[in-house]
Amino acid sequence: MIEAILVTGADGYVGWPVLLRLAETFYDERVVGVDNFARRKWVEEIGSVSANPILSPGERKKRVEELGRVSFVEGDLTSREFVNMLIRVYKPDTILHLAAQPSARILR
Ligand SMILES: NC(=O)c1ccc[n+]([C@@H]2O[C@H](COP(=O)([O-])OP(=O)(O)OC[C@H]3O[C@@H](n4cnc5c(N)ncnc54)[C@H](O)[C@@H]3O)[C@@H](O)[C@H]2O)c1
């Protein structure tokens, strides 16, 4: 049976490079990235942009498809149903939980 590593926050500053490194390092495991792209929405909401140039969600999904064995699943981890589905479908042996709202949102 294929073992799986789940990376939450896989579109994030930490999560994206971790996802790529795991995919390059663990050839026998399936690597699954999860994100709801909330960070991008929050940045856009305040009229800001990423300080580092980053690929669009579509370009990142294409990149992981090219790697094979890597899946990118869009969804909200605050949904119990979504999390249960991830565990049921991908049966991860390891979960790297990097999804977060790492700083307070700016409320105007
Ligand atoms: N960046 C750093 O230098 C650094 C240093 C030490 C620790 N950390 C910790 O690492 C973790 C990740 O930090 P980061 O800098 O990568 O943050 P980030 O905002 O770049 O990434 C977090 C990701 O989580 C996603 N996310 C948020 N809520 C979600 C939800 N409900 N469902 C699905 N996805 C969701 C966001 O869309 C985002 O892509 C945080 O816990 C942070 O405190 C970061």
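All figures in this text were calculated on a predicted structure; none of them were measured in a lab. Start at 1 and go down the list; that is how both ligands and their atoms are numbered. Starting from 1, each residue takes its place in the sequence as its number.
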Would you compute the distance between atom [atom1] of [X] and atom [atom2] of [Y] and round it to the nearest 0.5 angstrom?
{"X": "Lys41", "Y": "Glu45", "atom1": "NZ", "atom2": "CD", "result": "9.0 Å"}
{"X": "Ile95", "Y": "Ile5", "atom1": "CD1", "atom2": "CD1", "result": "11.5 Å"}
{"X": "Glu81", "Y": "Asp76", "atom1": "CD", "atom2": "CG", "result": "10.5 Å"}
{"X": "Glu74", "Y": "Phe82", "atom1": "CD", "atom2": "CZ", "result": "8.5 Å"}
{"X": "Phe37", "Y": "Arg60", "atom1": "CZ", "atom2": "CZ", "result": "8.5 Å"}
{"X": "Ile54", "Y": "Asp11", "atom1": "CD1", "atom2": "CG", "result": "6.0 Å"}

Is [X] in polar range of ligand 1, meaning some N or O pair under 3.5 Å apart?
{"X": "Trp42", "result": "no"}
{"X": "Ala38", "result": "yes"}
{"X": "Val34", "result": "no"}

I need the atoms of ligand 1 closer than 4.0 Å to a non-hydrogen atom of [X], numbered in the order shown.
{"X": "Asp11", "value": "39 (O)"}
{"X": "Pro102", "value": "17 (O), 19 (O)"}
{"X": "Phe37", "value": "37 (O)"}
{"X": "Ala100", "value": "22 (C), 24 (O), 27 (C), 40 (C), 41 (O)"}
{"X": "Leu77", "value": "30 (C), 31 (N), 32 (N), 33 (C)"}
{"X": "Leu98", "value": "11 (C), 12 (C), 22 (C)"}

Proximal candidate to atom 4 (C) of ligand 1 [heavy atom criterion; set Val43, Asn36, Thr8, Val14]: Val14
Considering heavy atoms of the protein only, find what lies nearest to [atom] and give residue, atom and distance to 0.1 Å.
{"atom": "atom 21 (O) of ligand 1", "answer": "Gly12 CA, 3.3 Å"}
{"atom": "atom 31 (N) of ligand 1", "answer": "Asp76 OD1, 2.8 Å"}
{"atom": "atom 1 (N) of ligand 1", "answer": "Tyr13 CD2, 3.2 Å"}
{"atom": "atom 19 (O) of ligand 1", "answer": "Arg39 NH1, 2.7 Å"}
{"atom": "atom 36 (C) of ligand 1", "answer": "Asp35 OD1, 3.4 Å"}

State, yes or no, whether a side-chain contact exists between [X] and [Y] at a heavy-atom distance under 4.5 Å.
{"X": "Trp16", "Y": "Asp35", "value": "no"}
{"X": "Glu3", "Y": "Phe26", "value": "no"}
{"X": "Pro92", "Y": "Ile87", "value": "yes"}
{"X": "Val70", "Y": "Leu22", "value": "no"}

Any Gly75 heavy atom less than 4.0 Å to ligand 1: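 Gly75 counts as a contact of ligand 1 under the 4.0 Å cut-off.
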Protein heavy atom under 4.0 Å of atom 33 (C) of ligand 1: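 It does; a protein heavy atom is within 4.0 Å.
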Test item: protein heavy atom less than 4.0 Å from atom 7 (C) of ligand 1: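 When distances to the protein are checked, atom 7 (C) of ligand 1 has no heavy atom within 4.0 Å.
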Pair Leu77-Leu86, side-chain contact (heavy atoms from CB on, under 4.5 Å): steps then yes or no: CA-CA 10 Å; Leu77 291 157; Leu86 288 173; 3.9 Å; yes
For ligand 1, the portion of Ala99 having any non-hydrogen atom under 4.0 Å away: both
Test: Glu65 and Lys61 ion pair at under 4.0 Å: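 Judged by the 4.0 Å cut-off on N to carboxylate O distance, Glu65 and Lys61 do not form a salt bridge.
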